[in-house]
Amino acid sequence: MKIPSNILTLLAGIALTLISLWYGKNHGLLPPAASNEADLVDGLFDAMMTVSMGIFLLVQGVLVFSVIRFRRRQGDNTDGPPIHGNIPLEIVWTAIPAVIVLVIGVYSFDIYKQMGGFDPQAANDPGVTQIAMLPGEELATPLIDASKAKPAHNHVHLAVGIGAFPEDEGKMADVNVDVMGLQYAWIFTYPDSGITSGELHVPVNQEVQLNIKAQDVLHAFWLPDLRLKQDAIPGRDVELRFAPRKVGEYPVVCAELCGPYHGAMNTKMFVESEEDFSNWIQEQIAAIDDSTQTVAVNSADRTDGDFLKPFVEEMGISDVDRTVLQQLHSHPAVSSDRTAQVVNALSPAA
Amino acid sequence: MTQAEMQASATQSSYSVPSTRKWRDYFSFNSDHKVIGIQYLVTSFFFYLIGGVFATAMRTELATPESDFVNPEMYNNLLTLHGTIMIFLWIIPAGSGLANYLIPLMIGARDMAFPKLNALAFWMIPPAGLVLAGSLLIDAPQAGWTSYPPLSLVSGKVGEGIWIFSLLVLGTSSILGAINFLVTILKMRVPSMGLNDMPLFCWSMLSASGLILIGTPVLAGALILLAFDLLAGTAFFNPTGGGDPIVYQHMFWFYSHPAVYIMILPLFGALSEILPVHARKPIFGYRAIAYSSVAISFIGLIVWAHHMFTSGTPAWLRMFFMIFTMIIAVPTGIKIFGWLATVWGGKIALNSAMLFGLGMISVFVIGGISGVMVAAVPFDIHVHDTYFIVAHLHYVLFGGSVFGIYGALYHWFPKMTGRMMNERLGILHFVLTYMGMNLTFMPMHELGLIGMNRRIAVYNPEFQPLNILCTIGAFTLAISTIPFLINAGWSWIAGKPAGDNPWRGLTFEWQTSSPPPIENFDLLPVLNYGPYDYGSGIRFPGEEIEDEETNMEAPPGGFMPPSESRAGS
Ligand SMILES: [Cu+2]
Ligand SMILES: [Cu+2]
């Protein structure tokens, strides 16, 4: 091989490295991170984008170069050189990807640990709980009884998901919220105060724990700005624990196909200052006390209010009562009514 | 078609078996592997067009954030049928079609090991496919191609029942095909061909068939239990009765992750045939490419739960599946680098087959890279079930498999029909496909990252600009099939006669006439050189056929021993 071509290869290699490093830092593909977990995930993504860009440029570069440089000339019917392989070279290109994936694997492991994936209370599958219940018993329960709500969430049962940061393991989260996914809404219940809402309000810079359940089919609770997602599974307890660090309004998205109106199963998470949050709690408690209807729906958003109406009854009766839900499903008037509700809910947004 | 056959019959020697095919044969229960191969290819292409129409309808709906082109139920019907058809009625049967046509020719056999079973396997496909596609007119499935319970149990019995029925039939067909490929490759090679002398396509079919045989029965088990839940009210997966929907996901992905390799390995094999011929250079690292297919199959069996990182999977299991998923990048990398080294320094003919071959590397590598990224649990938690995944899977299955199928069709069309395809139309087809593919699927990566979930008929209006790009790309892709259809149809009837070996290839299929006679070879070929011995001064079989051939009954001592340099590295 001639020396100039070596120098060219070297230059190409340096250019490729520099472009990759620059791209990894400046791709700008992700929305701003709203929590420390999100920063961890973004760091991993940046690192992977750096490596990816390098491999991408290498492969496309070789292809384009080959097509130009090694193109068959008109009338040339001869063959290329009979090279069948080169063991050292093959070892190199086996070893390099092996090392790369090993490093990415260890890095991902570490990030996952820092996010709280190995919190013993969130790392193991607690198994299935049977969710069919005796209808009569449940129907007798009052809608939402604040006195019956647990004063503090006692973290006795295990739930799979993302748990506490390693330094907070074993500690209780500052705010607990029970999340129920159902076609096609998220219902948030605050066990400490008995509040129920169609929107998630959480205080900034505090640890929030979501205990997620599903009533009918699979859903997935996704906070794109926090890079967190967890499927809501009927009959299983799952959790997400995080600390939002920026006040703001963030989308909550259902990310698991749950029926025709899956695309409309969105709501908002409001990260608020501590005062705003406690004000909101007070307002909601007042609303419960005022009304004989025990379910509070945030009046700020009419669409959500309308949307939740058909679910009020079943929510109040029991979180997990399949029987009622199935009656709803099999009742044609109700289901078409529900469809109409969903369509109403959709049209202003559109 | 008939002209092509007359052309073929003119080149025939006086072999006792009638050597031409009537057009009727292609519509009948025929046990000739070449007829079956073409039946598979044409049928699967027909379903590809149907699946493509569904995809175009979905992209039309997604041009605007509102639900306006189809209603949301219909949208879910379309997405379910699109996914199911493209996987089970296009890519998998197209791979079976190539394997049926090529394996006996490549190993010097007169037919498959079990020709009747082979025909039976094919004839299960059209009814199952028509019922599935036709379900749109009555009551179509709408729980996605993954059909997760409990949704699949409550979203319409008829549609879901049809879906389960079709998949059981298609799965059975796939198993029967795989048994045939496996036995044929292992038992019916000419005596002079050792395993390491086989064309790489046979290695990849060996690996893919193993996966089919191990994985598909597990899918069938899941589907049968799902059918009981659906129709008999049992509760295997239904949480209302104490069942566990997650177990279905494990069983489903135990097959459906390997299915990705079932879909891509045959085309990896085809690419390994296309590149050396058109670059006039031996494949670089025969053994590495051959054994990496086997490695991919093995590791591919223990990565399924990477589809379930957010499904309540325990932490240690998430880590286990993350590591093994990433390890698959190593054998895949070996292949990609081997292919690049094959074309490097060669004499590249940039015809349609080669364009699709090189294009396949170019786009598949993007899907491979994003595959490693989504294997990383913390990142996958963010992008799981978003458009990032939609982008990733289409770079693998469209960029990998569909480009590969097109490359293979351009490469072997002259062998199958005896006629050349038109190069100008082929290049136009490639350019439109390559542009349309990247325009459709590249923006989807960003959509997923910024928060667009998949399988939705309505979306946040701020995602619209990128969605419009995707829709324009999808229309480009739809248009791109037109030059191909014109080209294939017109060339089949009136293309330039190809001769036996238009590409000067060294594998056995190029040593017989085009199209081959009914029992493939008048005299069975003997392996005198490796499948990729380009540049070693070998006379090309198409140029002087008679001298190279000898009878199978000849004593094995007369064969040239396979030399080290012949095939392997
Ligand atoms: Cu949903
Ligand atoms: Cu997979």
Side-chain angles (χ1 to χ4, degrees), chain A residues 29-31 41 44-45 48 52 55 59-60 62-63 66 70-72 79-82 84-85 90 93-94 97-98 101 105 108-109 111-112 117-118 123-125 128 130-132 160 217-218 220 224 227 229-231 233-236 238 251 253 255-257 260-264 322 346 350, chain B residues 65-66 72-73 76 144 148 150-151 239-240 242 244 280-282 284-285 288 310-312 314-315 319 322-323 326 329-330 333-334 337 340 343-349 358 361-362 365 369 373 376-379 381-382 384-385 446 449-451 453 455-459 534-536 565 569:
Chain A
L29 294 172
L30 284 164
V41 176
L44 173 64
F45 180 68
M48 292 195 298
S52 301
I55 295 170
V59 172
Q60 311 294 354
V62 169
L63 278 176
S66 301
F70 304 120
R71 188 146 176 206
R72 187 193 301 173
D79 287 352
H84 285 268
E90 287 169 46
W93 71 47
T94 308
V101 298
S108 306
F109 185 93
I111 295 286
Y112 191 61
F118 290 101
N124 293 299
D125 185 3
V128 192
Q130 183 157 344
I131 63 168
V160 172
V217 299
L218 298 171
R227 323 281 189 255
K229 183 182 292 119
Q230 174 58 53
D231 289 9
I233 307 160
R236 263 177 211 254
V238 296
V253 180
E256 178 66 58
L257 179 64
Y261 299 95
H262 164 53
R322 286 290 293 195
L346 282 176
Chain B
E66 305 87 23
E73 277 98 358
N76 284 9
Y148 280 179
L151 180 64
T240 313
D244 189 350
R280 313 307 307 164
K281 239 186 110 224
F284 194 97
T310 68
S311 306
M319 295 299 118
M322 171 174 86
I323 295 297
M326 288 186 174
V330 176
I334 290 174
F337 293 127
L340 290 178
V343 296
W344 184 270
K347 307 228 166 166
I348 299 171
L358 296 173
I361 302 177
S362 164
V365 76
I369 290 170
M373 296 173 74
V377 173
F379 178 64
I381 287 177
H382 178 48
H384 174 72
D385 259 322
E446 173 65 353
L449 290 173
I450 59 177
N453 44 340
R455 296 172 161 175
I456 53 173
V458 292
Y459 58 86
Y534 298 100
S536 309
S565 73
S569 52

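All chains are named by letter (A, B, ...) in the order of the sequence lines, taking the proteins before the strands, and each is independently numbered beginning at 1.
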**Student:** Are His382(B) and Leu30(A) close enough that some pair of their side-chain heavy atoms sits under 4.5 Å apart?
**Tutor:** yes

**Student:** Would you check if Ser66(A) and Leu340(B) make a side-chain contact, meaning some heavy-atom pair closer than 4.5 Å?
**Tutor:** no

**Student:** Report yes if the side chains of Ile381(B) and Lys229(A) come closer than 4.5 Å at any heavy-atom pair, otherwise no.
**Tutor:**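 Answer yes - side chains close enough.
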
**Student:** Roughly how far, to the nearest 0.5 Å, is the OG1 atom of Thr94(A) from the CD1 atom of Ile334(B)?
**Tutor:** 3.5 Å

**Student:** Once rounded to the nearest 0.5 Å, what's the spacing between atom CZ of Arg455(B) and atom CG of Leu257(A)?
**Tutor:** 5.5 Å

**Student:** Does any backbone or side-chain atom of Leu218(A) lie under 4.5 Å from a heavy atom of chain B? Answer side chain, backbone, both or neither.
**Tutor:** both

**Student:** Going by the rule side-chain hydrogen bond (donor to acceptor under 3.5 Å, both in side chains), which residues pair with Asp231(A) if we only count those two or more places apart in sequence or in a different chain?
**Tutor:**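 Asp231(A) satisfies side-chain hydrogen bond (donor to acceptor under 3.5 Å, both in side chains) with Thr310(B), Ser311(B) once adjacent residues are dropped.
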
**Student:** Got a sec, which residues hit side-chain hydrogen bond (donor to acceptor under 3.5 Å, both in side chains) with Ser362(B), two or more places apart in sequence or on another chain?
**Tutor:**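 Residues passing side-chain hydrogen bond (donor to acceptor under 3.5 Å, both in side chains) with Ser362(B): Gln60(A), Tyr434(B).
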
**Student:** For each of Pro82(A), Ala98(A), Gly105(A), tally heavy-atom pairs with chain B at distances under 4.5 Å, and name the one with the top tally.
**Tutor:** Pro82(A)

**Student:** Which bit of Ala220(A) is near chain B, if near means a heavy-atom gap under 4.5 Å: side chain, backbone, both or neither?
**Tutor:** neither

**Student:** Look at Gly451(B), Pro378(B), Ala457(B) and state which one has the largest set of heavy-atom pairs under 4.5 Å with chain A.
**Tutor:**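 Option with the greatest count: Pro378(B).
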
**Student:** In Å and rounded to the nearest 0.5 Å, what is the NE2 to CD distance from His384(B) to Glu256(A)?
**Tutor:** 5.5 Å

**Student:** Measure distances from Pro81(A) to the heavy atoms of chain B and classify the residue's part below 4.5 Å as side chain, backbone, both or neither.
**Tutor:**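 Both parts, backbone and side chain.
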
**Student:** Does a side-chain N-to-carboxylate-O contact under 4.0 Å join Asp244(B) and Arg236(A)?
**Tutor:**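 Salt bridge flag = yes for Arg236(A) with Asp244(B).
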
**Student:** With a 4.5 angstrom heavy-atom cut-off, which part of Val343(B) approaches chain A: side chain, backbone, both or neither?
**Tutor:** both

**Student:** Are side-chain heavy atoms of Ile111(A) and Phe379(B) found at a separation under 4.5 Å?
**Tutor:**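 No, too far: nothing below the 4.5 Å cut-off.
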
**Student:** Under a 4.5 Å cut-off applied to non-hydrogen side-chain atoms, are Phe284(B) and Glu90(A) in contact?
**Tutor:** yes

**Student:** Could you look at Val253(A) and say if it's the side chain, the backbone, both or neither that has a heavy atom under 4.5 Å from chain B?
**Tutor:**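 For Val253(A), the contact with chain B is made by the side chain alone.
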
**Student:** Using a 4.5 angstrom heavy-atom cutoff, name the option from Arg72(A), Gln230(A), His262(A) with the most pairs to chain B.
**Tutor:** Arg72(A)

**Student:** Let me know if Met373(B) has heavy atoms under 4.5 Å from chain A in its side chain, its backbone, both or neither.
**Tutor:** both

**Student:** Picking from Ile456(B), Asp385(B), Val330(B), Ile361(B), which has the most non-hydrogen pairs under 4.5 angstrom with chain A?
**Tutor:** Asp385(B)

**Student:** By a 4.5 Å heavy-atom criterion (distance strictly below it), what part of Leu44(A) contacts chain B: side chain, backbone, both, or neither?
**Tutor:**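 For Leu44(A), the side chain is the part near chain B, not the backbone.
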
**Student:** Does some side-chain heavy atom of Met319(B) sit less than 4.5 Å from a side-chain heavy atom of Tyr112(A)?
**Tutor:** yes

**Student:** Just so I understand: if I count every heavy-atom pair under 4.5 Å between each of Pro260(A), Gly80(A), Ser52(A) and chain B, which residue has the most?
**Tutor:**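 Of the candidates given, the most pairs with chain B belong to Pro260(A).
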
**Student:** How long is the straight-line distance from NZ of Lys347(B) back to CG of Asp79(A), given to the nearest 0.5 Å?
**Tutor:**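 Going from the CG atom of Asp79(A) to the NZ atom of Lys347(B) covers 8.0 Å.
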
**Student:** Show the nearest heavy-atom pair for residues Ala264(A) and Val458(B), with the distance to one decimal.
**Tutor:** N-CG2, 3.9 Å

